[in-house]
Number of protein chains: 2
Amino acid sequence: MTPNKEDYLKELYKLGGLDHLVSNKQMSQVLEVAPASVSEMLNKLSQEGLLVIEPYKGSQLTPDGLRIAISLLRGHRLWEVFLIRHLGYTWSEAHEDAELLEHISPSRLTDRLDRFLNYPEYCPHGSVIPKSDGQTNEDTLMLLADLKTGDTSKIKKVLEEKKFLDYLQNQGIEIGTQFTVTSVGDYEGPFTLALEEKTIQISYKAACQIFVSEPK
Amino acid sequence: MTPNKEDYLKELYKLGGLDHLVSNKQMSQVLEVAPASVSEMLNKLSQEGLLVIEPYKGSQLTPDGLRIAISLLRGHRLWEVFLIRHLGYTWSEAHEDAELLEHISPSRLTDRLDRFLNYPEYCPHGSVIPKSDGQTNEDTLMLLADLKTGDTSKIKKVLEEKKFLDYLQNQGIEIGTQFTVTSVGDYEGPFTLALEEKTIQISYKAACQIFVSEPK
DNA sequence: CTCCTAATTTAGGTCAACCTAACTTTTATT
DNA sequence: AATAAAAGTTAGGTTGACCTAAATTAGGAG
Ligand SMILES: [Mn+2]
Ligand SMILES: [Mn+2]
Ligand SMILES: [Mn+2]
Ligand SMILES: [Mn+2]
């Protein structure tokens, strides 16, 4: 197993889990490699029994592949907690460096880091950190974009993409922040949110990348 | 710069610094690759201006190569401090995992780790940790093997090699431990050391891999 | 000074991970 | 159903890092 292969498995999991097939196109985009390279690598991984390919349709992890993907995600998220909690990283910096650190995980390292951090449940961006045995129970959340004017809710999770993370942190959005939707622009228009201290506007696109709890 | 190349530079520094040429044989041994691979890689690195080769004689870092080597060593040793101080690693485990972590060092990570650890001066095995600007002032130490019966001194530094580190830790030797040499076996025989609590014997070979302060 | 041995270099491969270009299959549109 | 566009695969090539085997050089022993 190399860092490269690990990233293929991890992205395959993030894109499709065990629910549905993931297209090579998507993989090629998130991994930033040519489609041909994806075909090639997925073939190797399927020979190693880590995923199953439906030619021309897409691919999906096997239980073995899933195990590896989850342990990667576990490492990634624990490192993020460390970088932010102890080293003063920003959201996007943490995500970047965790992308490398996740591959250094003889599981002794991950498990000890987990203990050092006192077994955190979520990464700084709100994703669940799988347990050492691979167990991971996802919360059921809804998209901010699906809220209506007047709804009050809490930010629970955000997608991890450098520019988006910087944008959110500049806006002062944090996991756990409570807010009320004060207006929703028509035709994929912007959302206006009343936070505790201030009011902010975010684009419809951003609202599609933010997960929130059920509104009250 | 790849992790591989980094390790070549680092080992070249550890073996020869800026004082003398290092033979390919030595490099081939510490890096555990074939001599031919060393020739090849050193050629590439010399084309990148990171070292200078005297054909058939050996090679030596340039200032550029030195800078990289030192920052690697810095990362390596800081990670060791973290792993031992906060994650409960043993001497040899720490050295092993630091070997990987050292390559993840966008210097923002190293520098923040340094601050988090409160700017430690030495790694757990007693080597000096270079500063962020590359400055590094080595202490002048002597070999335990050169001590005479009756000498009293302190353990200051040990060479980092897995089996050796485990051996030392089992013997209860730590950096800073004070001891008195109570006997020296003839003909490369063992050294007997009186520590605070107990008396131990170590082989001549081990005594050549342990550095101590001037005896009083 | 010659010869031998050990160290080094060179030559010719392998393997992982990528690429581009050409071809095939699927799917969406008329 | 025919065709065009999009997605996927195959073929052929590159680069980095390694290897073994063969040739070359340096340095020491006689
Ligand atoms: Mn990664
Ligand atoms: Mn995260
Ligand atoms: Mn290393
Ligand atoms: Mn050390």
Side-chain angles (χ1 to χ4, degrees), chain A residues 1-16 19-62 64-65 68-69 72 99-100 102-105, chain B residues 1-16 19-61 64-65 68-69 72 99-100 102-104:
Chain A
M1 193 53 35
T2 67
N4 274 315
K5 290 182 174 179
E6 288 177 345
D7 279 337
Y8 275 83
L9 296 175
K10 193 187 64 169
E11 295 303 338
L12 187 53
Y13 176 64
K14 291 207 291 183
L15 257 32
D19 305 335
H20 51 88
L21 295 176
V22 174
S23 71
N24 287 11
K25 178 83 188 303
Q26 281 183 289
M27 291 291 281
S28 131
Q29 281 168 342
V30 301
L31 293 165
E32 296 180 280
V33 296
S37 309
V38 174
S39 283
E40 195 181 312
M41 183 64 99
L42 292 182
N43 269 311
K44 281 185 212 162
L45 291 168
S46 93
Q47 280 180 342
E48 295 176 39
L50 301 173
L51 51 82
V52 176
I53 301 176
E54 293 241 24
Y56 290 99
K57 298 292 179 53
S59 38
Q60 200 172 351
L61 292 175
T62 60
D64 280 352
I68 296 173
L72 262 281
E99 198 56 51
L100 302 172
E102 67 190 1
H103 302 287
I104 314 288
S105 307
Chain B
M1 191 55 34
T2 67
N4 274 316
K5 288 181 173 179
E6 288 176 346
D7 279 337
Y8 276 82
L9 297 175
K10 194 186 64 169
E11 294 303 335
L12 188 53
Y13 176 65
K14 291 206 290 182
L15 290 169
D19 304 336
H20 51 86
L21 295 175
V22 174
S23 71
N24 288 11
K25 178 85 187 301
Q26 279 182 290
M27 292 290 282
S28 132
Q29 282 168 342
V30 300
L31 293 165
E32 296 179 283
V33 296
S37 309
V38 174
S39 282
E40 195 180 311
M41 183 65 98
L42 292 182
N43 268 311
K44 282 184 211 163
L45 291 168
S46 93
Q47 280 180 343
E48 295 176 39
L50 300 173
L51 50 83
V52 175
I53 300 176
E54 293 241 23
Y56 289 99
K57 298 292 179 51
S59 40
Q60 200 171 349
L61 292 174
D64 280 352
I68 297 174
L72 262 280
E99 198 57 51
L100 302 172
E102 68 191 0
H103 302 287
I104 314 289

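Naming convention: chains lettered A, B, ... in sequence-line order (proteins, then strands); numbering from 1 in each chain.
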Quiz item: Tell me: NE2 of A:His103 to P of C:dA17, nearest whole Å?
Solution: 12 Å
Exercise. Determine whether A:His103 and A:Asp7 make a side-chain contact, defined as any pair of heavy atoms from C-beta on separated by less than 4.5 Å.
Key: yes
Quiz item: Nearest to the side chain of B:Lys25 - C:dC19, C:dT8, C:dT24?
Solution: C:dT8
Exercise. Look at the side chain of B:Ser59 and the backbone N and O of B:Val52, then say whether any donor-acceptor pair between them is shorter than 3.5 Å.
Key: no
Quiz item: For B:Gln47 and D:dT15, what is the distance between atoms CD and C1' respectively, to the nearest whole Å?
Solution: 14 Å
Quiz item: Between A:Ser39 and D:dT10, is there a side-chain N or O to OP1/OP2 distance below 4.0 Å?
Solution: no
Quiz prompt | Closest to side chain of B:Lys44, choosing from D:dA11, C:dA17, D:dG16 | solution = D:dG16
Quiz prompt | First of A:Pro55 and A:Pro35 reached from the 5' end of DNA chain C, by closest nucleotide | solution = A:Pro35
Quiz item: Do A:Met1 and A:Leu9 touch side chain to side chain, with heavy atoms closer than 4.5 Å?
Solution: yes
Quiz item: Is there a side-chain polar atom (N or O) of A:Ser37 under 4.0 Å from OP1 or OP2 of C:dC18?
Solution: no
Exercise. In whole angstrom, give the distance that lies between atom CD1 of B:Ile53 and atom P of C:dA7.
Key: 18 Å
Self-check item: Per A:Ala34 side chain, nearest of listed nucleotides C:dT20, D:dT24, D:dA17
Solution: C:dT20
Quiz item: Counting side-chain heavy atoms from C-beta on, which of C:dT8, C:dG12, D:dT9 comes nearest to A:Tyr56?
Solution: D:dT9
Quiz item: A:Ala36 has a side chain; which of D:dT10, C:dT10, D:dT9 sits nearest to it?
Solution: D:dT10
Self-check item: Separation of atom CG in A:Leu42 from atom C1' in C:dA16, rounded to whole Å
Solution: 15 Å
Practice problem: Examine D:dA17: is either OP1 or OP2 under 4.0 Å from a nitrogen or oxygen in the side chain of B:Thr2? Give yes or no. | Solution: yes
Practice problem: For B:Met27 and C:dA7, give me the distance from atom CE to atom P, rounded to whole Å. | Solution: 16 Å
Quiz item: Yes or no on side chain to side chain contact (heavy atoms under 4.5 Å, CB included) for B:Lys5 and B:Leu50, after CA distance, side-chain angles and deciding distance?
Solution: CA-CA 10 Å; B:Lys5 288 181 173 179; B:Leu50 300 173; over 6 Å; no
Quiz item: Any side-chain N or O of A:Tyr8 less than 4.0 Å from the OP1 or OP2 oxygen of C:dC18?
Solution: yes
Practice problem: Would you check if B:Asp64 and B:Glu48 make a side-chain contact, meaning some heavy-atom pair closer than 4.5 Å? | Solution: no
Quiz item: Rounded to whole angstrom units, what separation is found between the CG atom of A:Asn43 and the P atom of D:dA11?
Solution: 12 Å
Quiz item: Are any of A:Asn4's side-chain N or O atoms less than 4.0 Å away from OP1 or OP2 of C:dC18?
Solution: yes
Quiz item: Could you state the CD-C1' distance from B:Gln26 to C:dT8, rounded to the nearest angstrom?
Solution: 14 Å
Practice problem: Among D:dA26, D:dG16, D:dG8, find the nucleotide with the atom closest to the side chain of A:Asn24. | Solution: D:dG8
Practice problem: Check whether any side-chain heavy atom of A:Lys25 sits under 4.5 Å from a side-chain heavy atom of A:Val38, and report yes or no. | Solution: no
Quiz prompt | Spacing between B:Glu6 atom CD and D:dA17 atom P, to the nearest angstrom | solution = 11 Å
Quiz item: For DNA chain D, whose closest nucleotide is more 5', that of A:Glu54 or that of B:Met41?
Solution: A:Glu54
